[in-house]
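Just so you know, these numbers come straight off a predicted model, no measurement behind them. Here is the naming used below: chain letters follow the sequence lines, and residue numbers restart at 1 for every chain. The figures that follow rest on heavy atoms only: side chains count, while hydrogens, waters and symmetry mates do not.
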2 protein chains.
Amino acid sequence: MNVDLKFKTFKSMVSLSAEDLCRELFLGNRRSIKIKKEGVAVGNLVRIFNAALTLSNQKGFKAMSLRDLSVEAGLSMGALYTYFKSKDELLRMILRQGRMVVKRVLQGQVEGTDDPRTQLRRVIQAHLYLSEVMQPWFYFSYMETKNLAIEEQKRAMQAELFTERILTDIMKKGQEQGIFRPMETELAGAAIKAVLQDWYLKRWKYAGRKITVEKYASFVVGFVTRYLEPQRP
Amino acid sequence: MNVDLKFKTFKSMVSLSAEDLCRELFLGNRRSIKIKKEGVAVGNLVRIFNAALTLSNQKGFKAMSLRDLSVEAGLSMGALYTYFKSKDELLRMILRQGRMVVKRVLQGQVEGTDDPRTQLRRVIQAHLYLSEVMQPWFYFSYMETKNLAIEEQKRAMQAELFTERILTDIMKKGQEQGIFRPMETELAGAAIKAVLQDWYLKRWKYAGRKITVEKYASFVVGFVTRYLEPQRP
DNA sequence: GTCTATACCAGGATAGAC
DNA sequence: GTCTATCCTGGTATAGAC
C-alpha cells in the first residue's frame with residue numbers, strides 16, 4: 001500500500017468546488033435567504049463569497065465596504081441584502097460553513113489505516129492539501145476570528161483544538177506502541193499545527209520560492225518524523 | 001560557559017520599558033509631534049500606544065475608533081491629534097518603532113559565540129523572550145501588516161525574511177562544519193520561524209496550559225536540534 | 001497642552017420602483 | 001429578484017476656547 005496521498009488524488013476525492021459549498025450553505029440557510037430559486041441563489045452566493053474573501057484578504061473584513069463588495073460581486077447593495085441580513089451575519093456564515101467542511105474532511109482522513117506513522121502522514125497531507133484548495137478561506141478564518149463575538153471566538157478555538165487533538169491522539173497511540181519515543185505530545189501537536197498553518201498564512205513566501213504543497217508536505221512529515229522516531233541504538 | 005539564556009537575564013539585559021521605547025520614538029519624531037515637553041509627550045505616548053495595542057488586539061485596528069482610543073488613553077480627541085496627524089500615521093508609527101527595536105535586539109544575540117548549536121539556541125531564546133516582553137506589539141504587527149500600503153507591507157516582509165535569514169545562516173554554517181546534517185535550510189528556517197511566531201499568536205493556548213516561555217524555548221530547541229543533528233551511527 | 005463642539009463624510013441598512 | 005435612491009449612525013478630523 002502506498003502511504004503517500006497525492007494532491008491531485010485528494011482534490012478529486014473531496015471535490016470541494018465553490019459551487020458545492022455554496023449549495024450546501026444555501027440549503028442550510030434557506031429560511032434566512034430570501035431568494036428561492038436554487039440556481040440563482042447558488043450562483044450569486046458563489047460570487048458574493050469569492051468577492052468577500054478576495055477583498056477581505058486584501059484589506060480586512062472591517063475595511064471592506066459593502067459598496068466595494070457589491071461592485072466586486074456584480075450585484076447591487078439591495079441584492080446583497082437578500083442573501084444576508086447584516087454584514088456581521090455574512091462574516092458568521094462564511095466562517096461557519098468553512099468550519100463544517102474542514103471538520104468533515106479531516107475526520108475522514110484518519111480512517112483506513114492503523115499505523116500511527118501512516119495516520120500522521122495522512123493527516124498532515126490532508127490538512128495541507130485542504131488548506132491549499134480552500135486557501136482564501138483558511139487565511140480569512142485565521143485573520144478575522146478575533147472580530148467575532150466571544151461566543152463565536154470560542155467555537156473557532158475549539159476547532160483549532162479539535163485538529164490538534166487528532167494529531168496528539170495519533171502520537172499518544174504511537175508512544176504506547178513503542179513506535180514513537182516518549183515526548184510531550186501537547187507541545188508537539190501545537191508545533192505541527194503552527195507549521196501547517198504557516199503554509200496558508202505565508203503564501204507570498206512559499207510561492208516566491210516555488211515550493212509546491214507536496215514538497216512542503218514531505219518536508220513537514222520529515223521534520224516531525226525525526227522528532228518522534230526513537231533514538232537509534 | 002552556560003549556553004542557556006534565562007528569561008530574567010534577557011529582560012534586564014535589553015531593558016525595554018514602554019517608556020524607553022516611547023522616548024526613543026518621541027526623539028525620532030520631534031517635528032511631527034506638536035508637544036514639546038519631553039516628560040509630557042513621553043507619558044502620553046505610552047498611554048496612547050498601550051491603549052491602541054489593547055483595543056486593536058481585541059477587535060482590530062480598523063474597528064478601533066479614535067473615540068474609543070481617547071477614552072482608553074485618558075485623553076481627548078483633540079489631544080490625540082497633537083501626537084499624530086492621522087489614524088493611519090499612528091499605525092505606521094507603532095509598526096516602524098517596533099521593527100527597529102526587534103532588529104536591534106536580535107542582531108545583538110548572535111555575537112559572543114562561534115558554535116552554531118549555541119548560536120541557534122540563543123537566537124531561538126532571544127526571539128521568544130523578546131516576543132514575550134513585547135507580546136502586544138508582535139501580535140499587532142502580525143495581524144495589521146496587511147492593512148498597510150503595499151510599500152510598507154514589503155518592509156514587514158523584509159523584516160520577516162531578515163530574522164529567518166539569521167536562522168538559515170547559522171544552519172548553513174553548521175552544515176559546512178559537519179555539525180548539522182545535510183537538509184533544506186530554507187524550509188527549516190521557515191518552520192522554526194512559524195513555531196516561534198505561534199508563541200505570541202496563540203497566547204490563549206499556552207497560557208491555558210501553563211507553559212512558560214522558558215519551557216517553550218527548551219521544547220523548540222529540542223525539536224529543532226533533533227532535526228538538525230547528524231544521523232547517529 | 002488640552003478640551004469641547006462641530007464639520008463633514010463614509011458606511012450599513014432599507015423602502016419602494018421595476 | 002434586482003436596482004436606485006435615501007436615511008442616519010458613527011467615524012475621522014479640526015477650529016477655537018480655555
Side-chain angles (χ1 to χ4, degrees), chain A residues 22-23 25-26 29-49 51-52 55-56 58-94 144 147-149, chain B residues 22-23 25-26 29-49 51-52 55-56 58-94 144 147-149:
Chain A
C22 288
R23 171 159 296 114
L25 184 135
F26 169 71
N29 292 268
R30 237 176 165 149
R31 58 175 171 12
S32 75
I33 292 174
K34 294 200 188 79
I35 310 305
K36 291 304 154 202
K37 284 189 202 157
E38 184 170 320
V40 177
V42 172
N44 283 336
L45 279 172
V46 171
R47 295 155 79 195
I48 292 172
F49 275 49
L55 294 175
S56 292
Q58 275 164 25
K59 45 183 179 173
F61 183 78
K62 176 84 195 191
M64 169 192 77
S65 76
L66 292 184
R67 288 183 169 73
D68 292 346
L69 180 62
S70 79
V71 172
E72 179 85 13
L75 287 165
S76 68
M77 290 280 292
L80 287 184
Y81 274 89
T82 57
Y83 292 92
F84 49 81
K85 69 178 207 311
S86 76
K87 192 184 176 189
D88 232 61
E89 200 199 61
L90 172 62
L91 177 57
R92 278 194 300 272
M93 274 168 62
I94 296 176
E144 303 298 343
N147 305 325
L148 293 167
Chain B
C22 287
R23 172 159 294 113
L25 182 135
F26 169 70
N29 292 269
R30 241 182 164 144
R31 59 175 169 15
S32 75
I33 293 174
K34 295 203 186 76
I35 310 305
K36 291 304 154 202
K37 284 189 202 160
E38 183 170 321
V40 176
V42 172
N44 282 336
L45 279 171
V46 171
R47 295 156 78 195
I48 293 172
F49 275 49
L55 294 176
S56 292
Q58 276 165 24
K59 45 182 179 173
F61 184 78
K62 177 83 194 192
M64 168 192 78
S65 78
L66 291 183
R67 291 199 229 274
D68 292 346
L69 180 61
S70 80
V71 172
E72 179 85 12
L75 286 165
S76 68
M77 291 280 294
L80 286 185
Y81 275 89
T82 58
Y83 291 91
F84 49 82
K85 70 179 205 312
S86 77
K87 192 185 174 187
D88 232 62
E89 199 198 61
L90 172 63
L91 177 57
R92 280 193 299 274
M93 275 169 62
I94 296 176
E144 303 298 342
N147 304 325
L148 292 168

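Between the side chain of Arg67(A) and the base of dG12(C), a donor-acceptor pair under 3.5 Å is found.
One atom, OH of Tyr83(A), and another, C1' of dT2(D), lie 9 Å apart when rounded to the nearest Å. Here the C1' atom of nucleotide dT2(D) and the CG atom of Leu80(A) are 11 Å apart, to the nearest Å. Rounded to whole angstrom, the span from the CE atom of Met64(A) across to the P atom of dA13(C) amounts to 11 Å. If you measure from atom CD of Glu38(A) to atom P of dG1(D), you get 11 Å, rounded to the nearest angstrom. In this structure, Lys87(A) atom NZ and dA10(C) atom P are separated by 15 Å, rounded to whole Å. Residue Leu69(A) contributes atom CG, which lies 19 Å from atom P of dA10(C) at whole-angstrom precision. One interatomic measurement links the two molecules: CG of Leu75(A) to C1' of dT14(C), which rounds to 17 Å at whole-angstrom precision. Distance Leu45(B) CG to dG1(C) P: 12 Å, rounded to the nearest Å.
The closest donor-acceptor contact from the side chain of Lys36(B) to the backbone of Ile33(B) lies under 3.5 Å. Listed for the Asp68(A) side chain is no donor-acceptor partner under 3.5 Å among the backbone atoms of Met64(A).
Between Asp88(A) and Ser76(B), it is Ser76(B) whose nearest contact on DNA chain C lies nearer the 5' terminus.
In this structure, of dT2(C), dT2(D), dT14(C), it is dT2(D) that holds the atom nearest to the side chain of Ile35(A). Nearest to the side chain of Lys37(B), among dG1(D), dG1(C), dA13(D), sits dG1(C). For Leu66(B), whose side chain is taken as the heavy atoms from C-beta onward, the closest listed nucleotide among dG1(C), dC3(C), dA13(D) is dA13(D). In the set dG1(D), dT12(D), dC3(C), dC3(C) carries the atom at the smallest distance from any side-chain atom of Ala79(B).
Side-chain N/O atoms of Tyr81(B) include none lying less than 4.0 angstrom from OP1 or OP2 on dA15(D).
Note on Ser65(B): only backbone sugar-phosphate atoms sit closer than 4.0 angstrom, heavy atoms only; bases stay farther off. The residue Lys34(A) sits apart from the nucleic acid: no heavy atom pair falls under 4.0 Å.
Residues Lys62(A) and Lys59(B) form no side-chain contact, since every pair of their non-hydrogen atoms from C-beta on lies 4.5 Å or further apart. Side-chain contact between Leu75(B) and Asn44(B) is present, with heavy atoms from C-beta onward closer than 4.5 Å.
Of the inter-residue distances, the one linking Ser32(A) atom OG with Glu89(A) atom CD reads 5.0 Å to the nearest 0.5 angstrom.
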